[in-house]
Amino acid sequence: MSFVQFNNVGIKGVAACVPAALEDNMSSPYLALADAEALIKTTGIARRHLASAEVCTSDLCLAAAEKLIASLGWQKDEIEGLVFVTQTPDYILPATSPMLQQKLGLSANTFTLDISLGCSGYIYGLSTLAAYMQTGMIKKALLLVGDTISKICSPHDKSTYPLFGDAGTATALEYMPGEDGLKFHLASDGSGKEAIIIKDGGFRNQFTEHSLLAQQVDTGISRNAAQLVLDGMDVFSFGISKAPESVNLVLERFAIDKENVDLFFFHQANKMMNERIRKKLALPVEKVPYSLENFGNTSSATIPLTMVTTSADILKHGKHTILGCGFGVGLSWGSVILDTNNLVIPDLIYLD
Amino acid sequence: MNIEEFIKQFALQFDDVPESEFQAGTIYRDIDGWSSLVALSIIAMADEDYNVKLTGDDIRNSETIEDVYNKVYSKKHA
């Protein structure tokens, strides 16, 4: 049972960027109309933004970071740390975070780190960066989080392709002496690695010409071994048990009454799963915003993207206690509780 | 828990299929409207009504409604 708290750190602002191109599930060339209707009804995902071949996750995060830095009025030479969380990096190597340091024009004295996590990535990214900052030796830093999962789904796989959208986000963290900081529950279970996996292209199964052979797995599911596999039933079963458990654990461990949490931001997986989680925790609808309908599952970006697109008007004004909970690929999951104060949240960016 | 009540709950996860089509021995994959999305509803129902965590394999390895009932029953009384 892993709990951690990092004092003296808080978030100052959040920005998000999605590709301008939109695909509507109702008019998708890959889905029959009846399938599309059933899928939207159950998952709540009506449309997603999809990146073109030229646009990487890092490009979406870069646009979000530039706008956030400008909105905050930060000087670039004040930023001393950058963590990039993604499972769709620019290259297998080198890591993408040094490229982001260079493209953003940050000093060569910047600490940079890539983290390979998906749905839980925002929580783990916050914990990592906060740990570096808690003593005040780094005072301003950026957490860039996102994915372009559409690039690794088979369009002929109805169990993945209609669910995932692309997005990149930026979160500004600052040293805030005397603040309570960020409180976490973090957990992992590698026995569930097959639930969400791309089998070929890493070093366990290196990419070969066989990796590209499409296989008909089931009705409406054709994909090759270099594309994403999602075992919907196992992920569903995992999500509805572990997400509420993690939320209850973090609330208990830090003795926080859930009535005193203003907003709960869950990873956006699918509406039926998210609603089951909300009901198990007996949370009112108005405290649990969703961005699924217009963006789908955007992997690690879902929590900050939901903050920006559903709750900016609340978070920009006054003090709020929020709880974030991410769960998925790994399997990996976790929750964070933190206080916000007049967050800086620029409007959602659409990148052509 | 009893199987009659379970079959009723099972039937509720389907849209517009008469309850008479659901029997203990019914092969549920043959019921009109069965899909992977209905499977998620069944997993949610087991969690909500019986506090039991069904896995993908529990569903994949079941043929009839009674098979699923037995999985839920054995997990509930484990």
Side-chain angles (χ1 to χ4, degrees), chain A residues 25 31-45 157-163 189 191-197 217-221 229-245 269-282 297 327 331, chain B residues 1 5-18 21-22 26-78:
Chain A
N25 279 335
L31 279 176
L33 196 60
D35 282 349
E37 277 173 359
L39 179 116
I40 295 167
K41 186 176 160 223
T42 305
T43 65
I45 299 166
D157 182 347
K158 67 177 183 181
S159 71
T160 57
Y161 183 75
L163 307 178
D189 180 7
S191 75
K193 70 177 190 299
E194 304 276 343
I196 310 171
I197 191 168
V217 180
D218 206 339
T219 318
I221 304 182
V229 177
L230 177 80
D231 184 327
M233 289 192 283
D234 279 344
V235 175
F236 187 88
S237 183
F238 156 75
I240 62 175
S241 63
K242 291 303 179 187
E245 182 184 280
N270 81 57
K271 194 173 157 206
M272 183 160 59
M273 190 189 318
N274 281 65
E275 277 294 279
R276 185 74 207 110
I277 293 165
R278 183 183 68 75
K279 286 175 185 164
K280 281 180 92 161
L281 288 162
N297 179 344
F327 48 93
L331 300 168
Chain B
M1 66 186 287
E5 166 204 316
F6 184 82
I7 293 168
K8 272 190 187 151
Q9 290 304 321
F10 199 99
L12 283 175
Q13 312 312 317
F14 287 75
D15 279 337
D16 307 324
V17 181
E21 292 204 16
F22 297 83
T26 305
I27 295 169
Y28 56 82
R29 282 184 194 82
D30 294 345
I31 300 171
D32 222 20
W34 168 259
S35 71
S36 57
L37 297 171
V38 175
L40 301 187
S41 292
I42 302 291
I43 294 171
M45 179 269 283
D47 182 65
E48 183 167 2
D49 296 340
Y50 300 98
N51 198 22
V52 161
K53 184 179 169 176
L54 284 179
T55 64
D57 278 342
D58 290 333
I59 301 286
R60 279 186 283 268
N61 299 333
S62 298
E63 280 217 349
T64 64
I65 298 175
E66 190 171 13
D67 291 341
V68 183
Y69 172 80
N70 288 336
K71 290 262 159 52
V72 173
Y73 187 91
S74 63
K75 286 193 173 190
K76 193 164 177 61
H77 297 91

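The aromatic rings of Tyr50(B) and Phe6(B) sit tilted, their planes meeting at an angle between 30° and 60°.
Using a 4.5 Å cut-off between heavy atoms, Asp58(B) does not touch chain A at all. Neither the backbone nor the side chain of Ser35(B) comes within contact range of chain A; no heavy atoms are under 4.5 Å apart. For Leu54(B), the part lying near chain A is the backbone, with the side chain staying farther off; criterion is any non-hydrogen pair under 4.5 Å. With a threshold of 4.5 angstrom between heavy atoms, Asn270(A) approaches chain B through side-chain atoms but not through N, CA, C or O. For Lys41(A), the part sitting under 4.5 Å from any heavy atom of chain B is the side chain, from C-beta outward, and nothing else. Contact of Lys280(A) with chain B is made through the side chain alone, with heavy-atom distances under 4.5 Å.
The shortest side-chain heavy-atom distance between Lys242(A) and Phe327(A) does not fall under the 4.5 Å cut-off.
Of the possible polar contacts, none joining the Asp234(A) side chain to the Thr55(B) backbone as a donor-acceptor pair under 3.5 Å is found.
Side chain to side chain, Asp189(A) and Ser191(A) meet the donor-acceptor criterion of an N or O pair below 3.5 Å.
Salt-bridge check for Arg60(B) with Asp231(A): passed, with a basic side-chain N closer than 4.0 Å to an acidic carboxylate O.
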